[in-house]
Amino acid sequence: MNAWIWGIVGILLTPVVAGLVGGIDRVITAKMQGRMGPPVLQPFYDVMKLFSKQNLVLNRFHHDLVICSLIFTVAAVGLLFAGENLLMCIFALVVGNVFLVLAAYSTNSPYSMLGADRELLQMLAAEPMILLAAVGIYMATGTFDINLIASGTHSAIQYLPGVFFGLIYVLTIKLRKSPFDLSTSHHAHQELVKGLSTEFAGPSLALFEIIHWYETVFVMALIYLFFASRPIVGIVAVLIVYFLEILIDNINARVKWDLMLASAWVITLIFGLGNLMLLFILK
Amino acid sequence: MFEDQEIVTIERSELISRAQKISKEGYRLVQIGCTKQSDHFQIDYTFDKEYRFYNLRLSIPLDHPTLPSISHLIMPAFLYENEMHDLFGIQVSDMILDYQGKFYNIAKKAPFATISAADTTTEKG
Amino acid sequence: MAKRTIVPFGPQHPVLPEPIHLDLVLEDEMVVDVLPSVGFIHRGLELLCQKKSFQDMVFVAERICGICSFIHGVGYCQGIEKVMNLDIPKRAQFLRVFWGELSRVHSHLLWLGLAADAIGFESLFMHSWRVREKVLAIFEETTGGRVIFGAAKVGGVRIDISQDKLDQLAIALDEIQKEYEPLAKVFLEDYTVQHRWSEVGYLSKEDAHQLGAVGPTARASGLPQDMRKLRYGAYEDLEVEPIVETAGDCYARCVVRVKEIYQSLDLMRRVIHKIPAGEIETKVTGFPQGEYFSRVEQPRGEVVYYVKGNGTKFLDRFRVRTPTFANIPPLLQMLKGCTLADVPAIVLSIDPCISCTER
Amino acid sequence: MELAIFLIFFPLLPAVLLVFSKNAFFQKWITIIASTVIAAASVLFAIQYMKGSGEYSTFICPLPNQLIMIGDIILALVFLFICRKLPLRRYWIPLLVIVQYGLVLFYDFSGRMPEVTHYLYLDGLTAVMAVVIGIVGTLIAIYTVGYMKHYHHEHPELSNRTHLFLATIFLFFSAMFGIIFSNSITWIYFFWEITTVCSFIMISYSREPIAIQNAFRALWMLLVGGLSFALAIIYLADSGYTLELQRLMMMPVAFVLLPVLLICFAGMNKAALYPFGNWLLGAMVAPTPASALLHSSTMVKAGVYLVIRCAPILKGTTAGAMVALLGGLSFLAASAMAVSQRNSKRVLAYSTIANLGLIVLCAGIGTSFTLWAAVLIIIFHAVAKALMFLCVGTVSHQTNSLDIEDMQGLIASMPYVTIIMLIGLSGMFLAPFGMLISKWAVIQALAIRSPIFPAIVIFGGSLMLFFWTKWFGQLIAIPNARQQNLEQGIGIEWVALWGLAILTIAACVCYPLIGQYWLVPMYGWNPMLYDKIELSIAIMLGLMLLPPIILLIRKKHLVYTTPYLGGANVANPQEFMGSLSSPRPWAFKNYYLTRFFGEEVLMRWTIAGSIVLLILMFLVEKL
Amino acid sequence: MSIKKSPWIIHYDGSSCNGCDIEVLACLTPLYDIERFGIINVGNPKHADILLITGGVNQQNKTVIKNLYDQMAEPKAVVAIGACACTGHFFAECYNMLGGVDTVIPVDVFVPGCAARPEVIIDGVVKALAVLEKKQQEKVTA
């Protein structure tokens with residue numbers, strides 16, 4: 001029963017926390033760019049405004065597919081907070097992502113579909129590292145069960161510094177930040193217009209933003225799991241990592257997909273797999 | 001300080017050979033321009049080599065103005081030639097990329113050819 | 001593989017501040033064919049010379065483009081001045097160089113910002129434009145306008161800058177340089193910037209010459225071509241050496257512009273140092289009769305003004321060949337075989353000014 | 001036991017009948033009735049042996065060796081007959097036949113073959129395979145009836161030999177049941193070569209030069225496997241150990257590792273693992289039902305079935321690790337190359353190789369958990385992949401194209417086929433459908449082993465996600481204009497399509513049941529079955545019900561608009577105002593990343609790598 | 001929630017001389033920083049609330065402007081920036097010009113200037129916010 005409550009709390013709190021984090025992100029980014037930036041609550045204003053707008057669609061399915069994507073992404077976060085199987089949570093997130101890509105495909109509009117293909121490329125680049133991190137956590141803690149990982153006595157980080165680094169590297173992809181915001185970026189000034197989300201208008205776009213909030217919380221929770229035995233350290237680590245991502249966003253141009261894919265895989269192999277091999281041999 | 005500008009008047013039939021010669025000499029095309037005069041179109045092909053200004057000038061009649069294209073010899077010429085076609089109504093044959101009169105996509109046909117400068121000056125001057 | 005992705009790139013596209021349209025044909029992300037179209041901004045302002053007097057045409061010339069507005073005005077005035085055989089006071093010529101070079105700095109900073117933005121480097125965009133605002137502040141202090149200020153006129157300039165002000169400006173220029181230096185370093189050294197620009201949009205020296213490239217586009221391909229070497233106006237007294245790079249890619253074009261900002265700042269200091277006292281304009285009487293091709297160096301390259309007067313207050317012909325127009329054929333060459341992600345970077349690398357191009 | 005014998009011999013009846021019935025009506029009903037009987041029998045058989053711990057046959061076979069000998073002689077003659085028209089420079093194909101049969105027959109004649117007491121062995125694994133062949137196979141057979149009608153309608157230049165094609169299918173069923181039920185290795189070998197013949201007949205069906213050429217390539221590659229099998233038999237006969245598969249698996253590893261590796265080699269060869277993967281791609285010229293039946297859901301499964309059978313010996317050995325690595329390499333390379341393919345059948349072929357590789361990877365490691373996952377993949381893959389092949393076959397009939405890019409917006413013109421195809425695709429990669437559950441099980445099972453294995457699965461899985469999703473997306477890219485319905489003329493095929501679609505979903509829903517009642521008795525309890533996981537899978541499944549529901553609800557607040565085309569829109573949403581100021585259609589084609597994942601880039605390395613691994617596999621055995 | 005707190009803009013260059021364009025862009029940058037008001041330049045008509053147009057309308061871009069306007073979701077507002085966008089300025093006399101933006105789409109706010117200064121542009125956008133809010137309320141009541 002406890003698990004259910006945790007899951008629901010996670011689902012309910014995520015938009016609040018992620019929205020606030022998003023607002024703070026925008027303020028910090030603005031400061032780094034020598035500007036004042038928007039109010040901290042701006043992400044909420046944006047989403048609420050989007051809900052109040054007309055729902056422009058190209059056909060009657062793509063809005064629905066965004067809803068499906070939201071359902072699975074929410075489920076992923078819910079399962080994560082409920083302490084379910086880590087791999088299953090990641091797969092749920094992947095399904096959510098796939099639905100998002102399908103939504104973009106279903107619009108049958110060139111920029112949107114190019115964005116969909118780019119999003120697939122991003123998944124191709126990021127997914128191995130994330131799953132490998134889960135395997136790493138398993139090797140370090142002996143379980144895929146998030147409850148057990150979280151209540152364990154030692155943190156996975158001490159065994160998995162390489163995996164942790166690799167995860168931070170691909171985190172930029174998941175957070176849609178420079179240098180890896182290829183499929184759709186927070187700023188529209190890219191060659192694909194808005195890529196994946198080009199055709200989402202009004203409520204659809206609002207849902208897309210919310211999906212992104214859940215995704216953000218999901219990957220941050222993944223970071224937290226590395227420090228699970230010491231909650232305070234974990235939260236501090238999450239904050240530092242997020243700040244680092246903002247910094248990276250601000251000091252990098254957007255790279256091209258081939259570099260993204262190649263570098264993400266190389267990092268995954270060297271730091272992720274290398275770390276695991278060492279762990280395997282030493283244990 | 002003003003630069004010296006060499007302007008050579010040629011015949012239309014000479015155009016291709018002159019253009020070929022001058023581009024072989026290492027001149028680059030600066031511009032192709034057209035000016036409507038009271039009885040003819042004055043066409044200027046401006047070239048430059050190491051800051052040396054060299055201009056070929058030829059004139060063609062106002063009725064059914066036609067020109068051969070030099071874009072086969074000097075690729076950038078196609079832009080100017082399409083421009084001349086749209087603004088002055090000059091038919092340029094064999095351009096490497098012919099926009100078929102849709103280069104500027106203007107509603108009015110050959111605006112520079114219909115109003116003559118001399119006309120307006122007499123009206124307003 | 002006959003099946004290819006075909007997308008319209010523009011006319012409205014967030015990376016392009018101005019409307020230009022390309023039919024892009026892609027295979028995966030590789031550009032296999034590109035066809036440009038223009039005319040979204042074509043106003044037909046050359047024909048205004050039949051409705052506005054040759055002196056009013058200065059304002060039209062300035063509004064050919066709002067970025068290099070001042071030099072457009074100067075180029076036009078110079079043509080008329082040659083046709084009318086006017087002798088322009090030295091001080092006016094120096095002031096023209098001062099504002100002209102300041103325009104170059106403003107334009108290049110603007111370009112640096114936009115180019116950074118096109119490759120997703122927002123903070124660099126912001127900081128470039130932050131520095132640019134200081135340049136605009138100088139315009140505002142000296143002329144009252146920020147981007148279009150109508151300081152040039154046939155026969156000289158409209159406004160003088162006092163000696164005190166000039167001294168203050170020297171300090172302001174130093175400050176701009178100080179703020180600009182770290183920025184320039186990022187453009188020259190950052191890894192991701194190099195990844196996006198190095199070996200992208202290559203244009204060989206031969207192609208650059210053959211296809212008639214001008215300005216930084218030509219200079220980045222190794223052509224030492226700078227119309228300031230014609231020593232028009234006050235450049236007679238201010239020696240300028242073209243800044244040349246040989247790599248011929250987008251990165252080289254960026255380097256040329258980054259270095260030209262230093263060059264221009266330096267030129268302005270020399271102007272302040274050397275500027276003679278005296279009148280700022282000569283009286284203009286009569287109407288232009290005759291023709292001249294006036295060539296000056298814009299931030300984007302060589303601009304050609306053809307003016308032909310017929311002895312009335314209206315010109316017979318007023319024609320502009322702007323640098324972007326000349327750079328379109330090289331651009332098409334550069335776009336061959338690039339990837340979709342490179343398209344904005346390459347298009348912006350010639351610093352396109354569509355409103356110049358289409359007039 | 002009787003059921004097993006029935007299943008081996010019964011299909012021969014329709015096979016013989018079909019050879020003589022050129023009438024389409026008879027063909028249809030013979031196929032339907034025989035298929036129903038086989039399906040029913042195999043289900044009965046599965047129920048009977050699901051929980052059983054394995055049962056040996058007790059009957060005594062009169063003149064066993066002599067029977068098989070005669071069979072082998074006939075087969076050898078058939079092979080030589082097939083090769084009769086081959087040019088001399090391809091001498092090695094008949095040579096392969098002569099060498100392997102020469103050796104086997106020599107041992108047969110000299111009477112050195114050890115005695116076999118239990119000719120058949122039936123357990124849970126055979127039950128799984130029997131169901132796959134009996135249900136998936138027969139659905140494909142039914143589909144074939146409808147398919148061939150269209151096929152000949154479209155290719156009037158080909159002579160109609162549908163009756164032979166159908167007969168071959170039933171002959172093939174018989175051989176397949178023979179392989180999985182037999183305990184005698186010589187018997188398996190006999191049936192094994194029959195499937196090779198069937199494969200040849202089906203690939204060369206159209207008798208076009210390319211088909212003949214690919215059929216011979218498949219033939220000689222499969223004969224290499226046969227040779228390896230023959231060598232294993234001779235080794236065992238020579239050393240006098242045993243010719244019973246089950247007893248072989250109980251022998252000390254050191255004695256029998258070499259023959260087991262030879263058998264594994266034959267299995268991997270049949271499963272089209274690299275370096276032999278290319279015969280499977282060539283086999284795609286066959287009519288689609290053949291691809292579905294032989295080259296994805298059953299015959300190639302016989303290969304992995306054998307490797308799974310060998311798992312007890314492979315487990316924990318270095319050679320076993322090499323087998324696993326070979327499987328892993330095939331999985332990774334085939335998934336990667338599938339990314340660069342736009343021909344739907346080739347994508348399916350590559351993904352088949354990939355999945356077979358994954359199964360072999362699991363079998364090579366051979367722990368109970370990995371075998372658990374391997375069997376799961378066999379089930380899910382057989383169902384979903386057969387479904388995909390049949391869908392692609394139907395689509396290609398209606399649209400005359402196998403190109404995935406031509407399937408853009410197929411949902412508008414062929415809604416039902418597309419929905420079925422989407423079910424199949426979901427089954428291939430989307431959680432919580434079959435393949436993803438299997439993949440998850442694999443990662444779980446492998447995580448305790450060297451991290452190399454989970455890494456292979458993870459990378460390959462990501463690649464699969466890429467190419468499946470882009471296909472999926474292309475199907476549902478909804479066109480802006482109304483499309484003509486192209487589903488007329490699909491007849492009996494619906495039975496197979498819907499049947500397999502329902503099976504795909506059912507297999508997924510029944511996952512816990514399959515686990516508990518089928519796999520647990522075979523491989524023991526698995527932590528993947530505990531309540532919590534089942535709960536999360538149940539939640540995911542429940543959520544999966546939502547998308548169709550959401551999609552069906554009509555919405556009122558939507559406002560329809562046109563696609564973003566940079567403001568260059570024209571009246572037709574499929575066009576934009578082009579540079580020459582005339583409307584030009586825009587187009588979208590997917591990424592194929594040929595620079596990274598093209599065949600030219602990867603094939604050489606894959607073949608080289610797999611050959612090295614093969615050599616290593618036999619070398620480490622020697623050490 | 002009021003649309004006032006999060007107006008997203010899209011900018012299209014009609015046929016301006018770039019003067020107003022760069023001033024619009026300057027609004028985004030540190031000195032003026034319109035993100036203070038939650039304004040983002042989204043560059044995609046489907047996401048935008050306010051269409052900023054600089055420069056007048058000519059033969060070729062009239063359909064583009066119309067397309068962009070049609071693709072925006074209600075409620076939406078249009079701001080014409082600069083003298084050219086308001087009336088065509090002295091380009092109105094040119095043969096290829098149709099005039100101000102209001103010749104093709106309804107304009108809610110006119111911002112004067114040649115080139116319009118960033119302060120005035122921001123002022124114009126803020127005026128457009130009131131228009132947007134009114135439209136939103138009308139939509140709610142309707």
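Since the model is a prediction, treat every value here as computed from it, not as a measurement. Each chain gets a letter, A, B and so on, in the order its sequence line appears, and its residues count up from 1.
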| Residue selection (most heavy-atom pairs with chain D, distance under 4.5 Å) from E/K66, E/E74, E/Q71 |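 Between E/K66, E/E74, E/Q71, the count favours E/Q71.
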| message | Taking the cut-offs as 6.0 angstrom to the six-membered ring centre and 45 degrees off its axis, would you call D/K470 and D/Y592 a cation-pi pair? | response |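 Yes, a cation-pi geometry holds between D/K470 and D/Y592.
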Is it true that [Y] and [X] share a donor-acceptor pair across their side chains at a distance under 3.5 Å?
X      : Y      : value
D/Q341 : D/E599 : yes
E/N58  : E/S15  : no
E/N41  : E/H11  : no

| By number, which residues in residues 45-53 of chain E have some heavy atom less than 4.5 Å away from chain D? | E/P45, E/K46
Results of ring pair (Phe, Tyr, Trp, His ring centres under 6.0 Å) for [X] - residues two or more places apart only:
X      : answer
D/F596 : A/W257
D/F576 : C/H21
E/Y12  : none

| request: Can you tell which part of D/T561 gets under 4.5 Å to a heavy atom of chain E, answering side chain, backbone, both or neither? | output: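 The side chain, not the backbone.
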